[in-house]
Every structure is written in structure tokens, then in C-alpha cells.
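A quick note: this is a predicted structure, and the numbers were derived from the prediction, not measured.
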Amino acid sequence: MADNSPKEMSFLDHLEELRWLLIRSTSAILILACAAFFVSDFIFEQILFAPKDPNFITYQFFCKITQFFGVESVDICNVKMPFIIQNTNMGGQVSFLIWTCITVGFVAGFPFILWEIWKFISPALYEKEKKYAKAFIIVSSLLFFLGVLFGYYIITPLSVFFFGSFSASAEIVNEFNLESYTSMIKTSSIACGLLFELPIFIYFLTKLGLVTPNFLRKYRKYALIIVLILSAIITPPDVISQVIVAIPIMILYEISILISAVVVRKEVKQSTLK
């Protein structure tokens, strides 16, 4: 009979595997960052600075939504961006170019990073569990990219619109630092991408026996509070933006409960068959 138990590795073997995981993942990010450098003009004009355009698709979408429900908002339907983005550091634009390309490299290389993580944890899995590698990579990547798109097309425009049009006094002129503007976009997009990995995170916690569906149901109200706090951190300080972020995350939380229940049900079924 074939031995399906996972192969044991020493602590030093794990450290060596982790070192190579970091090396390969970093190399992939840097290679993709170099590729992003050659299309940096497109990235800057069509992606990074696009939410600054009053004709950005998100503003048009929300305008149509408000008109459809008969709650027409003059502000969202007549977007104005009375601010400029400036660089105040000698090497600011060089740093901006480098870190933007690295960020693009990380986002584009996320499936490869997941593959490396899967290879790292696979020795601790049984053979029947290793066959789910492709499903893990595909689902995790889709959730991450959906989160990034949600952060870019929903959170970022709302933040730019709120902070860009907000004025405490007519005597104050908004001139935003390049670093703060790009940091807001990167934080909103990547943070949402990682938050959308919640079902995968819950799956592995359930496999490890650290959470159960009953536990998740019991502490649902506390999870809602945590989600609202996270929403407040990555969104402008208004209730609408926070609710818009909280709704999909809570939907993912409910999906995570279902996933956890399926995992527990399968493990109970397997234990009864033994």
C-alpha cells in the first residue's frame, strides 16, 4: 500500500524552502516590475490618474444610480476636481516610478506567489488534498483581482471625490502630495484585494481546527464591527462609503461560514468512515 502521509521535513528544511519561496517570489515581482516600466506611461495616465478625471466611469455609474432611484446628487453628477498633484521631494518622481512598477509587479505576480505558497505548504498535505492546487490558485487569484478592482473602481474614486472636493475654507487650496495620492490608491486597491481572500483564509483556519461554522455564526456581530472599522480606515470618513465597502465583505463572511460548514461536514464524514 502506498504511503499517503505527508513527508516530514526538519526545521532547517522548512527554513530553506521558505528562503527559496521568498527569492522566487521577489524575483517574479521584480521581473514584472521591469515589464511594467516599459508601459509606465499607460499605467500613470490611464490607471493612476484616471480617478482624477471628472469623466471617470465610476462617477458616471453612481450618477445614473442616483438618478434611477430619484435621489439625484448634484455633486456626483457634476464632479469637479479643484486640486493639483505636486511633487515636493527631489527624488520623488523617481521613487514614485520605482514603487509604482513594483506594486504593479506584485499585483500581476500574485498568482505566482500563491503557487509558491502552495508548494511550501503542500508537504503537510495528503495526496488527495494536493490535487486541489489549481482550484486554490484560480479561486484565490480571482478573489484577489476582484478585490483590487473593487478597491480601484469603488473605494479609490469615492476617496478622491471626497477629499478632492472637500473644502473647510475658501482660503485653502488643495495641492496634494504625489506620495499621498498614490499611497491612497495602492492602499485601497491592495487592502481590498487581501480582504477578499477571507473565504480562503477561513478555509485553512477551519482545516487547522482553529475556527468552526458555529464560532463564526456566534461572533458575526463582532465581525461586523471589525469590518466597519476596517472600512473606516480604507475609505473616506462618510457613512455611505463605509457601507459600500462593508456589504461585499460581509457577503464574503457569510460565504466563509458556508465554506467552513462544508469543510467540517466532510471531515466528520471521513472520520465516521474510518
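- Side-chain contact between M250 and L224 is present, with at least one heavy-atom pair separated by less than 4.5 Å.
- At a threshold of 4.5 Å between non-hydrogen side-chain atoms, the residues L210 and T206 do not count as touching.
- I29 is not connected to F112 by any chain of hydrophobic side-chain contacts under 4.5 Å among Ile, Leu, Val, Met, Phe, Trp and Tyr, and they are in different clusters.
- Of the possible polar contacts, one joining the T156 side chain to the G151 backbone as a donor-acceptor pair under 3.5 Å is found.
- Residues I23 and R19 form a side-chain contact, since some pair of their non-hydrogen atoms from C-beta on lies under 4.5 Å apart.
- Remark: aromatic rings of F145 and Y152 are distant, center separation not under 6.0 Å.
- For L114 against F136, the heavy-atom pair with the smallest separation is O-CE2, 3.8 Å.
- T182 places a side-chain N or O within donor-acceptor distance of the main-chain N or O of E179, the cut-off being under 3.5 Å.
- Separation of the F196 and F144 ring centroids does not fall under the 6.0 Å cut-off.
- Put simply, OG on S141 and CH2 on W115 are 11.5 Å apart, with the number rounded to the nearest 0.5 Å.
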Intermediate values then yes/no, side-chain contact (heavy atoms from CB on, under 4.5 Å), F106 and I113: CA-CA 9 Å; F106 171 77; I113 296 172; 3.8 Å; yes

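- For the atom pair S189 OG and I47 CD1, the distance stands at 10.0 Å (nearest 0.5 Å).
- A donor-acceptor pair is defined here as one N or O able to donate and one able to accept, closer than 3.5 Å; such a pair exists between the side chain of T58 and the backbone of Y153.
- Minimum interatomic distance between L252 and L143 (heavy atoms only, all atoms of both residues): CD2-CD2, 4.4 Å.
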Verdict with supporting geometry, F37 and I98, side-chain contact (heavy atoms from CB on, under 4.5 Å): CA-CA 8 Å; F37 173 78; I98 293 173; over 6 Å; no

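- By the rule that hydrophobic residues join a cluster once side-chain heavy atoms approach within less than 4.5 Å of another member, L149 and L198 end up as members of one cluster.
- Using a 4.5 Å heavy-atom cutoff, the side chains of E254 and I251 are not in contact.
- Ring geometry, Y181 versus F49: the interplanar angle falls under 30°, so the pair is classed parallel (tilted spans 30 to 60°).
- Between F176 and F163, a ring centre-to-centre spacing not shorter than 6.0 Å is recorded.
- Side-chain atoms of F110 and V107, non-hydrogen and from C-beta on, never get closer than 4.5 Å to each other.
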Evaluation steps, side-chain contact (heavy atoms from CB on, under 4.5 Å), between I190 and T103: CA-CA 9 Å; I190 295 179; T103 302; 3.7 Å; yes

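- Between C192 and I155 there is a side-chain heavy-atom pair separated by less than 4.5 Å.
- Stacking of K52 on the aromatic ring of F83 is recorded, both the 6.0 Å distance cut-off and the 45° axial limit being met.
- A distance-only check finds no donor-acceptor pair linking the side chain of S260 to the backbone of S256 [under 3.5 Å].
- In this structure, CD1 in I259 is found 12.0 Å from CG in L205, a value given to the nearest 0.5 Å.
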Candidate pair Q46 and D41, rule side-chain contact (heavy atoms from CB on, under 4.5 Å), full reasoning: CA-CA 8 Å; Q46 302 299 323; D41 289 342; over 6 Å; no

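- Of all the heavy atoms in V104 and A36, the pair that sits closest is CG1-CB, 3.8 Å.
- Looking at T100 and I43, their side chains come closer than 4.5 Å, going by heavy atoms from C-beta outward.
- Atom CD of Q93 has 12 or fewer neighbouring heavy atoms from other residues, nucleotides or ligands inside a 6.0 Å radius.
- Under the 4.5 Å side-chain heavy-atom criterion for Ile, Leu, Val, Met, Phe, Trp and Tyr, L22 and W118 are members of the same hydrophobic cluster.
- I154 contributes atom CD1, which lies 6.5 Å from atom CG of L158 (distance to the nearest 0.5 angstrom).
- Looking only at side-chain heavy atoms (C-beta outward), W20 and E116 stay at 4.5 Å or farther from each other.
- Hydrophobic cluster membership is shared by L228 and Y222, with clusters built from Ile, Leu, Val, Met, Phe, Trp and Tyr side chains linked at under 4.5 angstrom.
- Rounding to the nearest 0.5 Å places CD1 of I31 at 11.0 Å from OG1 of T26.
- In the hydrophobic cluster analysis, where Ile, Leu, Val, Met, Phe, Trp and Tyr join through side-chain heavy atoms closer than 4.5 angstrom, V94 is grouped apart from L30.
- A side-chain donor-acceptor contact under 3.5 Å links N87 to the backbone of N89.
- One distance of note links CD1 of I225 with CZ of R220; it measures 13.5 Å at 0.5 Å rounding.
- Below 30°, between 30° and 60°, or above 60°: for Y59 and F56 the angle between ring planes is above 60°, a perpendicular geometry.
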